[in-house]
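Take a look at the structure set out below.
One-based numbering along the sequence shown. Every value quoted in this text rests on a predicted model; they were computed, and no experiment measured them.
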Amino acid sequence: MPRINVGSWADTCVEWLRHHLTWLFDFVSHVLTDMYNGIEAVLTAPHPLLLMGIFAVLAWWLRGLPAAVLTFAGFALIDSIQQWEATMQSLALVLVACIITVVVAVPLGIWAARNRAVGGALRPVLDLMQTMPAMVYLIPGILFFGIGVMPGMVATIIFSMPPAVRMTELGIRQVDGELVEAAEAFGTHPRRTLFRVQLPLALPTIMAGINQVIMLALSMVVIAGMVGAEGLGSSVYNAVSSVNVALGFEAGLAVVILAMYLDRMTGALNERVSPLGRRALAKAQAALGGLKFLYWKPATSVAMAGVVVLALVAGGLNVFGKDGAKTDGGGRPITLGYVNWDEGKATTYLWKEILEQRGFKPKAQALEAGALFTGQARGDVDVQTNAWLPTTHAEYYKKYKDKLEDLGAWYDKTSLEIAVPSYMKDIKTLDDLKGKAGEFGGKITGIEPGAGEMKILKGKVLGDYGLDGEYKVAESSTASMLTELDRAYAAKKPIAVTLWSPHWAYDKYDLTKLEDPKGSFGSGDSLHLLGRKGFAKDEPQVAKWMKNFHLDEKQLTSLENAVKSAGEGHEQDGVRTWLKKNPGLVDKFAPSANVSYVKGKDAGAAPNIGYPAWDEGIATTYLWKNVLEKRGYKPTIRNLDVGPMWTGLSSGQIDVEFDGWLPVAQKQYWDQYKDDLVDVGAWYDKTSLEIAVPSYVKGVKTLDDLREHQDEFKGKIIGIEPGTGEMKRLKSTVAPAYGLEDFQVTEAGTSSMLAELDRAYAKKEPIAVVLWSPHWAYSKYDLTKLADPQHTWGDNNQIKSLGHKSFPEKFPEFNGWLKNWKMTPDELGSLEKDIQDAGKGHENDGVEKWIADHPGIVDKMAPVK
């Protein structure tokens, strides 16, 4: 038989609908979402005890006192197992779906009952709707409405509608024809016949249909948890994907209690509103005898009054209990999606906690990989933390990359692999699996079928190693795979599982990563943060935080263990425990613009700080000025030439400076003034002095080469300030040792030297300049430090903080901070660069940017107990 591409036709139809009826889907989504949000807000706003009371009063009104007591006890149990909010979300979803279903289904059923042609046309459509596997509805639901509540709600409506239509049609058709004829004989209008005769008599059957709608809707709500619908479905999906018996039982128990309540209440409502039901109820109560009081039901007005009173109390408590405090994030929502893998779950809940601390309202959703990428491309998910690129998720990224933003890699590098227990001594590579399928039961235990690793394994790896017909890949979930691994490992049985690195399983079990000599799994991935298109524009601060986010292997595995130890449903508690053991990380990952700093114990003190116009002197002076001001000090800074600064330091007019190059560069000043000074400590080690030339000047690598190319440099060396130790040493020691006395050493200033270097470098002209390390010029230009084989520049210097001899006594707290202060080359270089970028007169802006990029640096430099 030739293949009939029914699936392709369906796909084409769905694509056509997506492109031409977007306005309709948006309208439906808007209406249903608003309905859901409204009902969900009503159900989740009051205290659970008050809502339990309302449910109990309704049960008392409909079924009597025992039902009220059992209702209260059942919902109290739901609250005690921490499933209250999820249950209310599921109830909201069921109510919206049922309202829409009944509004559509009952008129359709009436039409079908009164018109056989319509009934005949509807029957195959209803058969299709009712027998199609429920999960299939989720696929177009995602494409039309994205992930979350909407696809689940629409799928629920479609799946639960047929019973309501059928039972309504059946109920109308079962009304005695003679009664209808009698009504018509008396001249009754067909509409009045419908509402006064047919519907009242058909009501028990219609209510039975509505009862079925509710039950089917509730079952579908659970399935909808696979695509991010909130409520008990999400809890059940998380339990299944993580093989969590406790969570699965608790969520399932909540579903059972909710289902029983809805079933009993709708059944009792039929008895209250149907004439036939009221007669049957009266007969049943008459037969109770002495137990009749147990089933006494309050009048409708009394019951409604009780419900209204409880609702008003709940609303009042909710209003007065509102927290009106404003937060940095302004309460803006951010949706975080994740595949239920350990690193994905751990980092998602880490960012959920960080964003909550910064005043946002993040929501975390567990989804299959396909649904996650599809939902993010639609804009339903703002960020995912666990995109494995460029290999594992290549298929999804290639398809949706135009609708995504790569916020950068936070972990590098991973690997994909098949692993076996190390007690299987003769299996070290993927080639070794060949011919040993019998040992492994002919299978490799896999993870989620939508995972990129699974597609690579089945599409490439098995074929490359000739394992295609020999092994079957068992598709399950990560949790199921780990459960199988644990069971086999405990029994010392052979097992081959799909794994990846990093993973905590390698710490728990002694496993062998099977080598992949053909490179079929690829070269390894980085773990990326992906945002929906436009996310960085909408939330620039969050995007910046995420772009600078990095975890090392130790941090990641410890975070995973903390989240895993906390248990399903308590991931954020695990994150909080981890953050307590890693203080300062929230400020590092998400530096807040609204940080309040603790004042130092010497707050109000006013040290005088001097500095030369050298980059490291400018940078560190403005840095300490900023830090001291945050600690409540009132520093004054003064820019001075080197000689006057040392003189002022020795006389006490300057309290401290941070740019003392010792023991070589500024030795003459130290020897002259050291009796009046104190060496507070070195904050940078080690420096060097040198002459540098652009690397495009070939053949000049040492100071000897400079002499031989004197004409090329026009006999000139571009120097800095004449009073510096480096300039004096160049003239007194370096130049005579290498025969450079004929060179003219210009004396202007550091800025003039750098301007000359920039001009010459742009024109590719030879130039020799006086420089030192560290200096940002080595990052901006490709320069050669001329070697000094005779060591005439002397020993390397340290950069020290130097104070007047009274400094430690006048400023003991500040003195203590400086003694413990250190800077790395990267820190100093980035600080100098930020100040350069800020521009002259805006040094403090550059420092503020650098502090924001180095969270916790103020507490590190100036700790206050």
Pair [X] + [Y], salt bridge at N-O below 4.0 Å:
X    : Y    : value
D380 : R378 : yes
R487 : E484 : yes
K352 : E356 : yes
K518 : D464 : no

Pairs involving [range], ordered by first then second residue, that meet salt bridge (Lys or Arg N to Asp or Glu O under 4.0 Å) (sequence neighbours left out):
range            : answer
residues 389-413 : E395-K455
residues 419-434 : none
residues 520-537 : D382-R532, R532-D538

Main-chain N/O of [Y] paired to [X] side chain as donor or acceptor, under 3.5 Å:
X    : Y    : value
E470 : L467 : no
D834 : K849 : no
D587 : P591 : no

Exercise for review: Can you sort out the partners of E343 under side-chain hydrogen bond (donor to acceptor under 3.5 Å, both in side chains), two or more places apart, ordered by chain and number?
Suggested key: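 So E343 forms a side-chain hydrogen bond (donor to acceptor under 3.5 Å, both in side chains) with N386, W388, W500.
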Review point. Quick one: side-chain hydrogen bond (donor to acceptor under 3.5 Å, both in side chains) partners of W16, sequence neighbours excluded?
Key: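 With neighbours one apart ignored, the set is H20.
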**Study point:** Polar side chain donor-acceptor pair, T347 to Y338, under 3.5 angstrom
**Key:**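 The answer is no; no qualifying pair exists.
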Check your understanding: Rounded to the nearest 0.5 Å, how far apart are CG of L404 and OH of Y396?
Key ->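 Here the rounded value is 13.0 Å.
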4.5 Å side-chain heavy-atom contact, [X] and [Y]:
X    : Y    : result
L433 : F440 : yes
N340 : T478 : no
H503 : L482 : yes

Exercise for review: Run the numbers on S477 and S480 for side-chain hydrogen bond (donor to acceptor under 3.5 Å, both in side chains), then give the verdict.
Suggested key: CA-CA 5 Å; S477 67; S480 299; 3.0 Å; yes
Exercise for review: Please report the closest heavy-atom contact between L511 and A505, naming both atoms and the distance.
Suggested key: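 Reported closest heavy-atom pair: CD1-O, 4.0 Å.
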Check your understanding: Nearest heavy-atom pair of E453 and F521: which atoms, and what distance?
Key ->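 What the structure gives for the nearest pair is CG-CE2, 4.1 Å.
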Check your understanding: Among V420, L462, I495, whose side-chain contact (heavy atoms from CB on, under 4.5 Å) with I444 holds?
Key ->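 Testing each of V420, L462, I495 against I444, the sole residue satisfying side-chain contact (heavy atoms from CB on, under 4.5 Å) is L462.
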Exercise for review: Just do the side-chain hydrogen bond (donor to acceptor under 3.5 Å, both in side chains) check on T414 and S501 with the steps written out, would you?
Suggested key: CA-CA 5 Å; T414 68; S501 299; over 6 Å; no
Point to revise | Residue pairs passing the ring-ring contact (aromatic ring centres under 6.0 Å, His included) test where at least one lies in residues 459-499, sequence neighbours excluded | key: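 Non-adjacent pairs meeting ring-ring contact (aromatic ring centres under 6.0 Å, His included): Y423-Y489, Y489-Y509.
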Check your understanding: Stepwise, does the side chain to side chain contact (heavy atoms under 4.5 Å, CB included) test hold for E417 with E515?
Key -> CA-CA 8 Å; E417 58 254 356; E515 294 178 17; over 6 Å; no
Exercise for review: Assess whether atom CD of E85 is packed by more than 12 heavy atoms of other residues, nucleotides or ligands within 6.0 Å.
Suggested key: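 No - once you tally the heavy atoms of other residues, nucleotides and ligands closer than 6.0 Å, there are 12 at most.
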**Study point:** Validation row, ring centre H393 to ring centre F373 under 6.0 Å
**Key:**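 Between H393 and F373, the centre distance is under 6.0 Å.
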